[in-house]
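Encoded as structure tokens, the structure appears first; notes follow it.
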Amino acid sequence: MNPFSSGTRLRDMIRAIRACKTAAEERAVVRKECASIRAAISENDHDYSHRNLAKLMFIHMLGYPTHFGQMECLKLIASPGFPEKRIGYLGLMLLLDERQEVLMLVTNSIKQDLNHTNQYIVGLALCALGNIGSAEMARDLAPDVERLLQFRDPNIRKKAALCTIRIIKKVPDLAENFINPAAALLKEKHHGVLLTGVQLCIDLCKVSNEALEYLRKKSIVGLVKLLRDLTNSPYAPEYDVSGITDPFLHIRLLRLLRALGEGDADASDNMNDILAQVATKTESNKNSGNAILYECVAAIMSIEENGGLRVLAVNILGRFLSSRDNNIRYVALNMLMRAMALDSQAVQRHRATILECVKDPDASIRKRALELVYLLVNENNVKQLTKELVDYLEVSDPEFKGDLSAKICSIVEKFSPEKIWYIDQMLKVLSEAGNYVKDDVWHALIVVITNAPNLHGYTVRSLHRAVQTASEQETLVRVAVWCIGEYGDLLINNAGMLDVEDPVNVTEADAVDVVETAIGRHSSDLTTRAMCLSALLKLSSRFPSCSKRINDIIHHHKQSLVLELQQRAIEFNSIIEKHENIRSALVERMPVLDEATFSGRRAGSMPNAVSTSQGAPPKIPNGVAKPVSAPLVDLLDFSSDDIPISGPSGGDFLQDLLGVDVSPTPLPGTNQTNKSGNDMLLDLLSIGTPPAQSSSSMLDILSSSQDNQSSGDLLGKLSTPSPSVQTSSPVASSSMMDLLDGFGASQSVPVAVTNGPTYPSVVAFESSSLKVTFNFSKEPGSPQTTLIEAQFTNKSPNMYSNFVFQAAVPKFLQLHLDPASSNTLPANGDGSITQRFRVSNSQHGKKSLVMRVRINYKANDKDVLEEGQISNFPRDL
């Protein structure tokens with residue numbers, strides 16, 4: 001016989017496919033067989049149609065397309081004989097799904113078969129409907145399935161119950177029609193029908209509150225009796241599994257009781273006794289018994305409050321943790337995490353066993369156990385649990401150190417009873433797994449160290465000892481280098497000795513050796529080397545005897561190929577060699593960092609600026625800006641003037657002032673990662689800051705701002721440079737303003753005298769002590785550009801000094817400021833200050849000009865700040 005003829009048997013085709021040695025040969029065999037099947041279909045070969053469809057289903061399971069045989073399935077289903085219907089329904093379930101439109105054609109055939117006199121054909125129709133029935137088919141055939149739930153044959157009732165589950169999932173509105181038939185199935189004696197009936201009731205409870213309430217009132221007592229009889233039943237060979245009678249029915253009954261008892265105190269009381277009986281009488285040395293105990297524990301955890309039962313359930317889970325089966329231990333850990341929210345004290349009793357699971361060879365069990373230990377920690381056991389975890393950190397697998405160290409750091413930070421213990425534990429973690437610790441962890445450690453002045457000496461000595469034995473841990477080296485740079489003199493002098501420590505014999509050269517070794521290691525990254533250079537600069541002032549050696553190290557890095565290191569080395573070398581008189585002031589110790597603000601930002605619970613105002617700012621009538629009493633209003637928020645005014649929060653001053661995320665773009669050729677104003681510590685360490693686009697050093701910029709003591713004065717020099725500053729460093733001023741998208745002065749812009757249209761003067765700002773008037777003009781051929789001359793008049797009897805005017809505009813505007821005519825404003829209007837600036841409006845004709853201003857000055861040796869919004873510009877500007 002031809003191996004590819006329509007009459008070949010399925011086994012012959014399978015043999016031919018198995019004989020293929022390559023995928024190409026297999027495809028060739030399948031292609032020829034499919035061609036033969038297509039020919040038979042086109043010839044209406046009824047004798048072998050069922051055999052062809054069987055071969056087609058095998059080809060489908062191999063992954064080849066078989067859509068051309070779908071209609072043949074429908075033909076076989078419509079055949080009168082049982083063999084043809086069986087193959088047809090099997091092909092229907094394999095080759096089609098509920099998304100196929102052709103499935104609608106089979107609805108009538110299934111309806112006829114559901115009413116067939118042959119119960120086996122009825123069973124085939126129920127199986128097909130239960131597997132691929134769509135919502136439309138469910139609505140059409142639901143009455144027939146409901147009738148079959150009371151059929152005489154138990155196998156049909158069982159299949160009808162399973163088919164009903166599919167129907168109520170597809171069309172939940174039909175659930176009410178099946179409540180009474182489903183409740184009747186709970187009285188069945190046949191375990192197969194009873195099992196499917198219980199599962200049907202569980203699904204009805206999920207989709208219908210009416211079914212849930214009905215079963216609570218009518219079926220709780222019967223279910224409890226059924227479960228009790230099943231638990232106490234004698235040996236039955238038909239249902240016995242490892243000495244337990246029908247564990248599958250046990251589990252389904254427990255799940256239904258859990259659904260009925262959840263949220264209902266009366267139902268929970270009715271099932272307490274039987275749950276306790278199941279929990280105590282079920283054997284746990286077999287897997288089937290453990291499955292029943294797990295479902296019993298889940299039911300106890302879900303029903304309403306019963307303290308004694310929950311303790312019993314937690315004890316069962318504790319026994320699970322001692323099992324050798326990884327699956328049992330895993331599900332026990334998962335359930336214990338749920339139990340923590342209900343009875344944490346009961347779970348605490350198994351703390352030792354849970355800690356042993358952290359050391360389990362199985363990675364999934366270790367991870368779950370670690371998460372559970374994290375939930376177990378409180379103020380009373382934090383030291384003990386942390387010690388256990390830190391001890392295990394020393395011997396844990398490298399791939400587990402990351403998760404373990406993260407949990408330890410989180411526990412120590414959250415439950416630390418005192419700062420010295422916090423520092424000790426963090427140093428242990430950094431010594432064992434420093435390379436796995438994230439940046440925000442060591443940032444937080446440095447913040448805590450700065451806030452513990454009595455522990456500075458102890459910390460730097462501990463770090464010096466730790467870095468001698470764990471110099472390969474990058475994060476530990478960073479913290480040690482930072483602390484040696486800040487508190488190196490305390491290390492040398494053994495200052496701040498505590499009773500628990502012994503003196504150390506460290507010389508100035510030894511301290512410099514630590515930093516030099518760190519900066520010279522090939523494995524050190526840019527952040528570590530940059531911190532080392534900063535530490536060396538500080539040590540050059542603290543250790544005068546090592547100043548020349550330090551300068552040689554810094555000088556060596558002036559030739560670095562990394563631009564960040566090269567720039568730092570050049571600047572620091574200049575400070576050491578040319579600015580000895582101010583070096584000690586430049587390298588003073590860091591101020592105490594705001595620990596609360598830093599922790600809040602890490603947790604994401606605090607905004608970038610903390611509100612300092614006592615109420616909403618005054619409204620601005622007629623578009624004239626009025627003074628605002630609170631400091632540092634968001635100059636770029638033009639949405640409303642009724643919002644609280646935010647003050648500086650220790651982060652980026654420019655960000656707090658302008659209300660935008662000022663993230664400078666790194667220069668080409670640099671490999672640094674610039675941080676936004678959110679990372680306070682990196683700002684203070686100057687890590688990731690792009691080099692200044694100026695021939696002068698950072699010292700020149702700092703020197704130019706020495707006359708101004710506040711950060712606001714420094715910003716004022718950048719926004720409205722005085723003539724002297726602009727002359728000495730014009731490029732630096734221009735580059736800094738470029739970073740702010742055009743805010744501030746980039747260069748001097750002369751105001752051209754034109755004969756264009758004239759505009760009336762506007763009183764832009766007026767308070768009890770100050771008046772600001774704007775005069776407007778236009779550049780020829782540039783209608784979008786407006787030239788403004790601001791005139792400031794002092795209305796008070798006191799002279800104003802250090803007068804600084806600042807302004808900010810939205811992104812569709814560009815602002816360029818000229819220097820002011822003076823920084824001193826005479827009293828009583830005897831004179832005035834003028835300042836010119838240019839505003840370019842990219843939305844000219846669509847949006848009007850708008851501006852927020854800030855004015856700083858000194859009156860009677862007191863700093864005064866006035867702020868407001870200007871929105872009364874002429875409309876055609």
Side-chain angles (χ1 to χ4, degrees), residues 401-402 405 409 423 426-427 429-450 459-460 462-488 491 510-540 542 546 549-573 587 590 593 666 670-675 679-691:
K401 284 184 182 290
S405 59
C409 294
I423 293 172
M426 293 302 298
L427 293 188
V429 173
L430 295 182
S431 299
E432 296 297 335
N435 294 335
Y436 298 93
V437 174
K438 296 181 179 179
D439 286 348
D440 60 342
V441 173
W442 65 271
H443 293 175
L445 175 59
I446 289 180
V447 172
V448 171
I449 292 172
T450 63
T459 303
V460 72
S462 299
L463 282 165
H464 182 268
R465 285 193 296 268
V467 81
Q468 303 300 320
T469 57
S471 59
E472 73 281 357
Q473 303 294 348
E474 191 82 9
T475 303
L476 176 68
V477 172
R478 292 177 187 174
V479 179
V481 165
W482 190 91
C483 287
I484 290 174
E486 293 295 324
Y487 315 119
L491 173 65
D510 294 335
V512 176
D513 285 342
V514 174
V515 184
E516 184 179 13
T517 302
I519 198 174
R521 282 192 302 116
H522 294 291
S523 59
S524 296
D525 61 7
L526 172 61
T527 300
T528 304
R529 294 183 181 182
M531 292 177 68
C532 289
L533 286 176
S534 299
L536 288 172
L537 175 65
K538 295 198 172 192
L539 292 179
S540 68
R542 290 165 174 69
C546 299
R549 176 188 173 188
I550 292 172
N551 192 29
D552 292 340
I553 299 173
I554 294 176
H555 187 273
H556 173 73
H557 285 82
K558 290 172 66 175
Q559 309 300 323
S560 175
L561 297 179
V562 181
L563 189 58
E564 169 72 15
L565 299 180
Q566 183 187 118
Q567 180 194 347
R568 284 175 183 253
I570 292 172
E571 292 174 353
F572 294 168
N573 180 256
V587 298
M590 294 287 291
L593 304 178
T670 62
N671 58 352
Q672 64 211 40
T673 302
N674 292 326
K675 306 289 184 183
D679 197 332
M680 175 183 63
L681 186 65
L682 287 185
D683 290 341
L684 294 175
L685 294 175
S686 299
I687 297 172
T689 305

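If you read the sequence from its start, that first residue is 1, and numbering goes on from there. Model, not experiment: these values are computed from the prediction. Scope of the values below: all heavy atoms of this structure, side chains included, with no hydrogens, waters or symmetry mates.
Qualifying side-chain hydrogen bond (donor to acceptor under 3.5 Å, both in side chains) partners for R549, counting only residues two or more places apart in sequence or in other chains: D513, E516. In this structure, E432 has no side-chain hydrogen bond (donor to acceptor under 3.5 Å, both in side chains) partners at least two apart in sequence or on a different chain. Partners of F572 by ring pair (Phe, Tyr, Trp, His ring centres under 6.0 Å), not counting sequence neighbours: none found. Not counting sequence neighbours, the partners of S524 by the side-chain hydrogen bond (donor to acceptor under 3.5 Å, both in side chains) test are R521. Scanning for salt bridge (charged side-chain N to carboxylate O under 4.0 Å, His left out) contacts around D510 gives an empty result, with sequence neighbours left out. For S471, there are no side-chain hydrogen bond (donor to acceptor under 3.5 Å, both in side chains) partners, not counting sequence neighbours.
Looking at every heavy atom in both residues, S431 comes nearest to A470 through O-CB, 3.6 Å. Across all non-hydrogen atoms, the minimal contact from T450 to L593 is OG1-N, 3.5 Å. When all heavy atoms are compared, the tightest approach of Q473 to A433 is OE1-C, 3.8 Å. The minimum heavy-atom distance linking L565 with A530 is given by the pair CD2-N, 3.7 Å. The two atoms that bring C532 and V481 nearest to each other are CA-CG1, 3.7 Å, heavy atoms only. Taking both residues in full, the closest heavy atoms of Y436 and G402 are given as CB-CA, 3.8 Å, listed atom of the first, atom of the second, then distance.
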Step by step, would you call V562 with H557 a side chain to side chain contact (heavy atoms under 4.5 Å, CB included)? CA-CA 9 Å; V562 181; H557 285 82; over 6 Å; no

Pair C409-V429, side chain to side chain contact (heavy atoms under 4.5 Å, CB included): steps then yes or no: CA-CA 8 Å; C409 294; V429 173; 3.8 Å; yes

I would like to know whether V437 and M426 meet side chain to side chain contact (heavy atoms under 4.5 Å, CB included); could you show each step before the answer? CA-CA 10 Å; V437 174; M426 293 302 298; 5.6 Å; no

Can I484 and L463 be said to form a side chain to side chain contact (heavy atoms under 4.5 Å, CB included), step by step? CA-CA 9 Å; I484 290 174; L463 282 165; over 6 Å; no

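No side-chain donor-acceptor contact under 3.5 Å links N573 to the backbone of H555. Although no hydrogens or angles enter the test, the distance criterion places a donor-acceptor pair under 3.5 Å between the side chain of R542 and the main chain of V587. Using a distance-only test at 3.5 Å, with no hydrogens or angles considered, no donor-acceptor pair links the side chain of E474 to the main chain of T528.
Put simply, the side chain of S462 does not reach to within 4.5 Å of the side chain of I423, judged on heavy atoms. No side-chain heavy atom of V441 sits less than 4.5 Å from a side-chain heavy atom of L445. Side-chain contact between T459 and Y487 is absent, with no heavy atoms from C-beta onward closer than 4.5 Å.
Rounding to the nearest 0.5 Å places OG of S540 at 5.5 Å from CD1 of I550. Note: R478 CZ to R529 CZ = 12.0 Å, rounded to the nearest 0.5 Å. C546 SG to D552 CG: the interatomic distance, rounded to the nearest 0.5 Å, is 11.5 Å. To the nearest 0.5 Å, atoms CG (N435) and CG (L430) are separated by 10.0 Å. In this structure, CG in L533 is found 9.0 Å from CD in E564, a value given to the nearest 0.5 Å. Here I519 contributes atom CD1 and M531 contributes atom CE; the two are 11.5 Å apart, rounded to the nearest 0.5 Å.
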